[in-house]
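Here's the structure, in structure tokens; my notes come after.
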Amino acid sequence: MIITENLCKIYKTKEFEVSALKDVNINIEKGKIISILGPSGSGKSTLLNCLSGIDRPTAGKVIIDGTDIYSMKDDGITKFRAKNMGFIFQSYNLIPVLSVIENVELPLLVLGENESSARKKSLELIEKVGLSKRAKYFPNQLSGGEAQRVSIARALVASPKIVWADEPTGALDTKTGKEIMSLITDLNRENDQTFVIVTHDQRITAYSDEIFEMDSGEIIKMYKSEKM
Amino acid sequence: MSIFITVIIILGIIFVSGLISNKILIKMAFRNIFRKKNEALLMMIGSMISMAFIIGALGLNDSFNNFVYKSIENNLGEIDYVIYDRENGVDADELSDMIDELQSEDYIDGVLPIYYKFFPVTKAGDSKKMNFTNFKQLSVVSFDYEKAVYFGMNKPEIPDEIKNLKENEVAVTSDYSVSSGFSVGDQIDIIQGTDPMSLLFPKKYTIKYIIDKKGIMNYRGFNSEGFNGAVYLNYNAMKKIVKYSSENRYTEVLISAKGDILGGNRDYSDKINDIINKYSPGYGISYAKADRLESVSSGEVTFVFIFLSVFAIIAGIVLLLNMYDMLISERKRELGILRAGGFSKKWARLTVFYESIFYTLFSVPFGVIFGIILSRFTFSRVTNLTSGLSDLNILSGVPIFDKFYISINSVLIGSAVGIILPVIITYFYTFTVNRLNIVNAIKDVKDYRKPKSKPVYWIMLVLGIILTLLPENFYTKIFGISLIMLFIPFTVFFKYRNILNRFIPAIPMIISFFYKSQSFIVLGEKAFIILFATIMLSLYNLDILTGAFGFLFSKIKNASPILKIALNYPVRNKRRTGMIITLYSLVIFVLVIMTVVPYIQVANLQNSKDTLFAGFDGILVNVPGDLTGKKLSDEEMKEIENLGAYGQFYFLTSKTEDQEVPLIVTSKTFYDVNKLSFKETIDEFKGMSDREIWQELYNNPHYSVVPEFYVKDNPHFSVKLGDEFDVKIQNIVTGLLGRRTEGYDYKIKIAAVISGVSQSLALGPIVSDKMDVLENVKGGSVSGYLFTLGKPSYIESVRSAFKEKGQFSIFVDDIIGIGMRITQGMVNIINSFLYFGLIAGIIGISITVVKSVSERKKTIGMMKSIGYGKSMIFMTFFIENSISIILGILIGITAGTVTSYKIYEIIRGNGYLKFIYPFKDIIIMAVGIYLVSILFTFIPSLKASGISAAEAMKNED
Ligand SMILES: Nc1ncnc2c1ncn2[C@@H]1O[C@H](COP(=O)(O)OP(=O)(O)O)[C@@H](O)[C@H]1O
Ligand SMILES: [Mg+2]
């Protein structure tokens with residue numbers, strides 16, 4: 001479903017050039033949880049950004065469901081992303097001035113859904129992530145785990161085919177991190193959505209179907225995981 | 001003042017010692033400045049603008065005060081008290097006990113009895129030739145010049161030429177010599193009486209000296225500073241002229257108190273007043289300097305200057321608050337990281353502290369320079385205007401503003417505010433940041449605290465109650481009430497605070513609106529209360545107001561996700577929104593007042609063209625006994641070419657038992673030509689045309705017509721249409737035996753009321769000249785002609801024709817023209833100062849947007865990732881900023897209009913003045929300001945829309 005062809009990314013600064021991705025060729029199947037594992041600076045985030053269409057690669061192609069996404073203009077990619085993808089960030093990135101429910105319904109509103117049905121769908125998802133009682137709260141009244149659940153709800157509310165997560169447990173303690181990962185696995189099982197999770201934490205890979213190991217901008221290992 | 005200097009020095013020492021000891025801190029502070037160059041630049045410009053604004057305002061005030069003090073100093077010098085009796089003179093012997101006591105207590109350092117009298121003065125020979133045009137009313141002064149040199153602390157220098165004046169020699173003040181072109185050696189006539197002999201054979205004097213001095217050598221008599229000049233006479237010659245009943249009587253006795261009243265030293269004033277009160281001599285007493293200061297400082301011009309500076313200072317302070325508040329909230333996260341990395345609280349605080357000190361220190365010199373340039377420029381325009389006006393020669397007493405002046409104190413205060421305020425703000429806020437949970441600070445989330453009532457709130461509430469109950473002035477009362485209103489929701493009714501707050505600010509506003517007062521000071525207080533209450537009201541109802549904006553923008557593309565963001569940011573960041581709104585509303589508020597009030601005056605002036613002189617084009621006024629213009633006869637009037645209709649009028653004084661009734665008696669022409677319209681008439685006139693009614697009124701000399709204000713809410717005399725009353729018409733006869741008053745009985749009926757007459761023409765009933773007693777009294781009354789022009793363009797030829805006959809004519813067009821010039825000139829000046837103030841608003845909003853963009857980088861990235869396009873991000877900023885700007889403008893317009901109405905009520909008094917609102921001007925101004933401001937937010941907003949979605953993925957920046 002997600003296929004790359006010789007994906008390359010070179011960051012050019014005034015003084016030097018960094019080759020963050022070197023001829024990456026991967027194929028991700030639908031409905032799987034994929035972990036991209038590697039040490040810091042190995043190019044994981046760069047790969048994720050290129051796959052999700054938020055950072056144009058220097059060379060190579062990304063084909064999602066048969067669409068070569070970088071053949072589109074930026075606006076086209078933005079629309080494609082809104083329709084097909086959800087994002088979970090390490091730092092949650094909730095909008096501080098909006099309540100939990102308003103944060104969650106935002107992607108639906110962007111897609112042009114009317115306010116009442118957006119609200120209904122969001123409430124369902126908030127219930128699914130176990131935060132019904134917090135729907136009217138504002139981000140600064142939430143714990144880290146709760147905030148990340150909200151950001152997961154927001155990523156899933158528009159029923160995207162693919163969910164991208166960059167270090168989703170990076171800012172959380174181990175116990176909460178585990179809870180978040182099992183929530184992700186549950187949701188994946190329920191909706192048959194593809195999850196691509198970037199992490200430097202070996203333990204996260206236990207929740208995934210397949211693991212790509214990276215170092216210095218290259219995939220050095222690809223293997224199936226024994227799911228727990 | 002020395003406190004400020006000390007504070008600055010201490011701060012400097014702290015800063016420098018800090019510099020030396022904490023190299024890392026300095027490095028951090030510098031790094032922040034250079035990392036975000038644009039923001040740092042904006043911070044510096046902002047600090048500079050606020051400082052310039054404050055210093056500019058102080059400079060304007062300084063120049064104005066300097067002018068006032070200088071003119072008082074020029075006229076009065078060492079003279080602090082004046083004891084006078086203009087009719088019979090002051091008997092110096094009667095004062096001797098009082099003066100002895102004052103001298104023995106050592107409270108005074110000078111006593112000088114003087115003579116003076118006003119006489120027409122002209123070039124020798126002019127009066128014989130009946131050439132009246134060059135006559136000027138001058139103050140003829142004399143005193144014992146030998147004694148005068150001991151008067152006051154700075155002993156006046158009296159030139160020998162003056163001490164040695166012979167009986168036919170004089171010295172004149174330089175203003176008179178300049179305006180009349182005289183120099184030493186020229187001869188002048190002083191006409192010392194109203195009889196033909198004095199006129200035909202005036203006393204001739206030779207000018208021996210031209211004086212250019214202050215104080216007693218420039219004194220023209222109490223209350224006559226606007227006069228044409230003074231002539232100094234030989235002491236003995238003067239004694240013969242004034243002819244008081246005894247040798248020891250003088251026109252005035254001048255006293256100089258120890259200490260400098262103008263310089264603020266009033267140590268002796270109270271003691272001297274006590275002694276004067278103890279003896280209470282039966283003469284008029286003027287506390288000359290104090291009185292004059294008082295009369296200046298309660299005037300309109302002073303009010304405008306004070307109002308402007310208070311406004312400018314508040315605007316400057318709000319801008320500073322706004323900027324540094326944002327600086328801290330931006331640095332919050334970094335502070336958390338520093339603390340996590342082992343920095344002590346103090347160190348973390350100091351980094352931000354140093355950063356803000358850098359900004360302020362950079363901006364101080366520029367702020368000072370810019371502020372001085374600003375006030376200098378503004379003041380020079382005031383100077384140009386007033387000197388331009390005084391050239392017109394029609395208005396006497398237009399103050400000619402002097403040179404620009406700014407005191408060192410003002411510069412110091414301005415700089416101190418510019419330095420201290422940011423330092424206090426940063427210091428205070430960094431404390432709150434330090435209290436913040438380190439983790440939350442790093443995560444850049446606000447600490448959530450459950451709101452609760454604090455003891456401080458209760459203290460403020462009690463303070464409010466005390467102030468309200470104090471039997472003090474309006475100011476303390478309204479301040480007390482405001483405090484109660486502000487803090488009641490957070491104390492007694494804590495539970496209901498959110499609902500209460502929505503309408504509570506309206507209460508002080510309503511009180512201010514309905515509180516009746518004619519004082520300009522109270523007006524100023526009301527103005528600011530009305531403004532700040534409107535701001536509070538809007539902030540507490542911000543959700544409703546933004547909801548209205550949402551409705552406004554609901555038709556744009558992708559409205560729903562855009563509005564979600566754009567409406568919630570201002571509502572949830574009330575403090576920030578509040579500051580932008582305050583900045584804008586402050587400027588607009590004053591702009592609206594300065595537009596509306598003069599507009600009302602100008603518009604009324606223009607509308608009054610037909611009523612000012614009742615539809616006549618001009619007027620000639622003659623005062624009996626005034627030799628500068630003998631009244632023209634009917635034949636002489638006929639000789640004037642290009643004149644249309646003309647008719648005589650007489651001003652008569654009459655009295656009922658307890659009321660003065662000013663009468664104006666007019667000839668038939670007035671009844672035929674006037675363009676006045678009737679408001680109401682007695683039943684007898686029902687069904688007649690206006691012209692027929694005028695004929696009736698002319699034919700019946702006991703019927704009078706009165707202006708509307710005379711029968712409506714007249715505080716002095718309550719009469720109404722149809723009333724009949726008896727008056728005694730007064731006539732003052734000056735004969736050999738002195739002055740005596742005759743009275744003639746007359747019956748008056750109010751038969752008609754005219755609308756729209758300004759007070760300039762008629763103050764009371766208008767009666768026809770068929771009145772029988774007119775013959776007896778007209779000789780002693782002020783009278784003249786009302787006339788129309790053959791064509792409007794004849795104005796100048798008619799003016800000069802009158803001038804040739806020694807007559808001074810005033811035209812409606814002159815009055816309207818001058819009025820317009822004054823108001824327009826004043827408005828232009830003030831507005832140029834205010835539009836500069838707008839820069840404060842624009843800088844404020846630019847900084848806010850720039851900071852918001854950098855604060856919200858991740859949020860914007862996230863929004864991009866979930867599908868917000870470039871234009872949508874741009875729109876969120878566009879709408880968000882529009883809300884603050886438009887709200888600020890609307891609040892400013894509302895509060896400004898309400899305040900203008902209050903000002904209008906004061907200037908209207910009991911007279912006739914319509915409230916006319918310049919809708920077009922206000923709308924153009926509002927739209928213009930909005931467009932310029934929003935344009936300035938475009939650059940950072942565009943930058944925001946260009947932020948990439950990858951930004952949100954970054955874990956650190
Ligand atoms: N915007 C950028 N400009 C320059 N170099 C970058 C940029 N973003 C990432 N890099 C470099 O690319 C490499 C890969 O970065 P990244 O994908 O963020 O690694 P990871 O997510 O695995 O920690 C690193 O060496 C990093 O320094
Ligand atoms: Mg990364």
Side-chain angles (χ1 to χ4, degrees), chain A residues 40 45-46 48-50 52-56 74-87 89-99 102-103 105-115 118 137-142 144 147 151 154-155 157-158 160 164 166-167 170-171 198, chain B residues 333 436-437 439-440 442-450 554 557-574 576-577 852 855-873 876 880 945-957:
Chain A
S40 182
S45 296
T46 309
L48 190 82
N49 292 349
C50 288
S52 59
I54 63 178
D55 202 1
R56 228 171 241 282
D74 276 351
D75 275 355
I77 301 176
T78 304
K79 273 198 195 116
F80 183 83
R81 203 163 50 217
K83 224 180 275 167
N84 299 299
M85 304 173 185
F87 287 83
F89 309 95
Q90 178 185 5
S91 48
Y92 331 129
N93 289 346
L94 299 178
I95 294 180
V97 300
L98 297 183
S99 65
E102 288 173 314
N103 264 288
E105 69 191 5
L106 217 48
L108 291 174
L109 298 179
V110 174
L111 284 173
E113 191 134 351
N114 71 48
E115 301 225 3
Y137 279 44
F138 282 88
N140 63 345
Q141 295 163 284
L142 300 174
S151 109
R154 182 181 59 194
V157 75
W164 313 102
D166 193 344
E167 313 264 11
V198 158
Chain B
R333 185 155 170 272
L436 205 84
N437 180 319
V439 179
N440 278 347
I442 294 176
K443 282 197 271 175
D444 204 12
V445 290
K446 277 187 201 130
D447 261 4
Y448 177 72
R449 285 208 188 82
K450 218 178 160 158
S554 60
K557 217 174 131 210
N558 295 318
S560 162
I562 291 173
L563 290 179
K564 261 270 136 62
I565 307 283
L567 302 187
N568 277 298
Y569 265 102
V571 175
R572 299 254 145 217
N573 283 327
K574 267 202 188 126
R576 199 169 284 187
T577 316
S852 313
E855 261 173 29
R856 293 192 216 160
K857 244 180 184 163
K858 286 198 163 203
T859 309
I860 296 167
M862 183 277 292
M863 284 159 66
K864 276 265 174 90
S865 74
I866 64 171
Y868 278 85
K870 263 190 180 182
S871 61
M872 286 169 79
I873 304 271
T876 59
E880 191 183 327
S945 67
I947 288 174
S948 80
E951 203 68 47
M953 286 293 182
K954 281 201 184 144
N955 296 330
E956 291 304 329
D957 55 346

Can you tell me how far the CD1 atom of Ile866(B) sits from the CZ atom of Arg81(A), to the nearest 0.5 Å? 10.0 Å
Taking the side chain as everything from C-beta on, heavy atoms only, tell me whether Lys870(B) gets closer than 4.5 Å to Thr78(A). no
Please report the interatomic distance CD1(Ile860(B)) to CG(Asn93(A)), rounded to the nearest 0.5 Å. 11.0 Å
Compare all side-chain heavy atoms of Ile565(B) with those of Val97(A) and state whether any distance is below 4.5 angstrom. no
Between Phe89(A) and Lys858(B), is any pair of side-chain heavy atoms under 4.5 Å apart? no
Can you check whether Ser560(B) reaches Glu115(A) side chain to side chain, under 4.5 Å on heavy atoms? yes
Highest number of heavy-atom pairs under 4.5 Å with chain B: which of Leu48(A), Leu109(A), Leu108(A)? Leu109(A)
Check whether Phe80(A) gets within reach of chain B through its side chain, its backbone, both or neither, counting any heavy atom under 4.5 Å. neither
Separation of Arg154(A) CZ from Ser865(B) OG (nearest 0.5 Å): 7.0 Å
Any heavy-atom pair between the side chains of Lys864(B) and Ile54(A) that's under 4.5 Å? no
Sequence-distant partners of Glu102(A), side chain to side chain donor-acceptor pair (under 3.5 Å), two or more places apart: Ser99(A)
Over all atoms of both residues, closest heavy-atom pair of Gly867(B) and Ala82(A): CA-CB, 3.7 Å
Partners meeting side chain to side chain donor-acceptor pair (under 3.5 Å) with Arg576(B) (sequence neighbours left out): Ser329(B), Glu855(B)
Examine whether an atom of Glu113(A) lies under 4.5 Å from a heavy atom of chain B, and if so say whether it belongs to the side chain, the backbone or both; otherwise answer neither. neither
Could you tell me whether the side chain of Met862(B) reaches within less than 4.5 Å of the side chain of Ile95(A), counting heavy atoms only? yes
